[in-house]
Undergrad: 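Mind having a look at this structure? Questions to follow.
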Amino acid sequence: MTSDTSETDRSAIIAEMALQLCGTDFRLHGRSADHGLDCIGLAAQCLGAADMACDVPNGYSIRGGSAEQISEVMKLAGFDAVSPNEALREGDIALARPSPIQWHLMIKTEGGFVHAHAGLGQVVFTPGPTQWPIEQIFRILES
């Protein structure tokens with residue numbers, strides 16, 4: 001991460017990149033806009049645009065895993081875990097729970113969320129609040 005890029009700038013870059021990736025094909029374990037993205041690949045692309053290094057996990061199932069594993073990866077990438085009761089900010093990454101056995105990452109943007117939607121087969125912008133419970137919010141650590 002560059003030292004002259006502020007938290008606010010990086011958050012705005014994350015949100016803008018998420019919006020630019022709308023329409024990208026969904027692909028489980030996808031890591032590039034050219035070949036498709038899943039929710040982790042979407043987050044990784046956005047972090048990369050903000051010059052934030054991230055050790056992106058692979059080999060996971062679309063269902064399963066734990067909030068603790070996800071939190072550890074996000075902490076190493078430079079994020080703080082904040083309460084799901086906090087007001088979301090542009091560029092936050094929300095960890096949602098679409099079902100009791102599934103986790104999902106979404107990027108908060110102005111007016112809604114961007115996420116890789118397996119059912120629709122692409123990265124989409126969903127206006128308004130999320131339909132799924134948010135279990136954790138990840139916010140860039142303040143410098």
Side-chain angles (χ1 to χ4, degrees), residues 1-33 36-58 60-143:
M1 154 177 24
T2 60
S3 59
D4 59 346
T5 304
S6 74
E7 168 209 353
T8 303
D9 292 341
R10 290 192 313 260
S11 293
I13 291 167
I14 288 169
E16 179 58 35
M17 177 55 73
L19 289 167
Q20 289 178 21
L21 290 168
C22 286
T24 300
D25 288 339
F26 175 87
R27 188 175 126 235
L28 184 61
H29 303 139
R31 297 295 181 261
S32 78
L37 297 168
D38 64 7
C39 67
I40 294 173
L42 171 64
Q45 290 291 305
C46 294
L47 294 177
D51 200 24
M52 297 178 71
C54 181
D55 185 19
V56 182
N58 273 309
Y60 50 84
S61 168
I62 198 164
R63 291 178 174 70
S66 74
E68 292 78 21
Q69 292 170 316
I70 296 166
S71 290
E72 185 60 29
V73 169
M74 296 304 290
K75 179 180 175 186
L76 292 172
F79 286 80
D80 256 339
V82 297
S83 167
N85 299 320
E86 293 265 339
L88 284 152
R89 300 179 189 168
E90 186 176 38
D92 282 350
I93 299 179
L95 177 63
R97 193 79 188 226
S99 78
I101 59 170
Q102 184 176 357
W103 298 102
H104 188 55
L105 295 175
M106 303 182 304
I107 313 294
K108 177 67 174 128
T109 61
E110 186 176 334
F113 293 89
V114 174
H115 59 109
H117 196 298
L120 296 175
Q122 63 182 323
V123 174
V124 299
F125 171 76
T126 304
T130 177
Q131 65 188 14
W132 302 307
I134 294 177
E135 300 288 328
Q136 192 68 63
I137 298 169
F138 300 106
R139 182 166 294 148
I140 294 174
L141 286 167
E142 295 188 23
S143 310

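This is a predicted model, so every value here is computed, not measured. Values reported hereafter were calculated over all heavy atoms of this structure, with side chains retained and with hydrogens, waters and symmetry mates removed.
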Undergrad: Given side chains that start at C-beta, do those of F138 and L95 come closer than 4.5 Å, heavy atoms only?
TA: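 Side-chain contact under 4.5 Å: yes.
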
Undergrad: Is D80 salt-bridged to K75, going by a charged N under 4.0 Å from an acidic O?
TA: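 No salt bridge links D80 with K75.
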
Undergrad: Pair V123, F26 - check side chain to side chain contact (heavy atoms under 4.5 Å, CB included), show working.
TA: CA-CA 6 Å; V123 174; F26 175 87; over 6 Å; no

Undergrad: How close do L47 and A77 get, counting heavy atoms only, and between which atoms?
TA: CD1-CB, 4.2 Å

Undergrad: At their closest point, which heavy atom of W132 faces which heavy atom of A96, and how far apart are they?
TA: CB-CB, 4.0 Å

Undergrad: Nearest 0.5 angstrom please: D38 CG to T24 OG1, how far?
TA: 12.0 Å

Undergrad: Rounded at 0.5 Å granularity, tell me how far CG in D25 sits from CG in L120.
TA: 12.0 Å

Undergrad: Would you give the length of the straight line joining atom CG of N85 to atom CD1 of I134, rounded to the nearest 0.5 angstrom?
TA: 10.0 Å

Undergrad: Within a strict 4.5 Å, meaning less than it, do heavy atoms of the V114 and C22 side chains meet?
TA: yes

Undergrad: What distance separates L21 CG from C46 SG, expressed to the nearest 0.5 Å?
TA: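 Between atom CG of L21 and atom SG of C46 there are 5.5 Å.
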
Undergrad: After noting the C-alpha distance and the side-chain angles of I140 and I14, does the key distance pass the side chain to side chain contact (heavy atoms under 4.5 Å, CB included) rule?
TA: CA-CA 10 Å; I140 294 174; I14 288 169; 3.7 Å; yes

Undergrad: Just how far is it from atom SG of C39 to atom CH2 of W103, taken to the nearest 0.5 Å?
TA: 12.0 Å

Undergrad: Got a second to check how far L105's CG is from L42's CG, nearest 0.5 Å?
TA: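 The CG atom of L42 is 8.5 Å from CG of L105, to the nearest 0.5 Å.
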
Undergrad: Out of Q136, K108, M74, which residue meets the side-chain contact (heavy atoms from CB on, under 4.5 Å) rule with I93?
TA: M74

Undergrad: Within a strict 4.5 Å, meaning less than it, do heavy atoms of the D92 and E86 side chains meet?
TA: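 Heavy-atom side-chain distance check fails, nothing below 4.5 Å.
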
Undergrad: Kindly give the heavy-atom pair with the smallest separation between L37 and A116, and that separation in Å.
TA: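 Minimum heavy-atom contact is O-CB, 3.8 Å.
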
Undergrad: Looking at F113 and T130, what are the two nearest heavy atoms and their distance?
TA: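 So the minimum-distance heavy-atom pair works out to CE1-N, 3.5 Å.
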
Undergrad: Over all heavy atoms of both residues, which pair between E90 and S11 is shortest? Give the atoms and the distance, please.
TA: O-CB, 3.4 Å

Undergrad: What's the shortest heavy-atom distance between F79 and M52, and which atoms?
TA: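 Between these two residues, the closest heavy atoms are CE1-CE, 3.7 Å.
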
Undergrad: Scan R97, H117, H115 and name whichever one has a side chain to side chain donor-acceptor pair (under 3.5 Å) with H104.
TA: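 Exactly one candidate clears the test, H115.
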
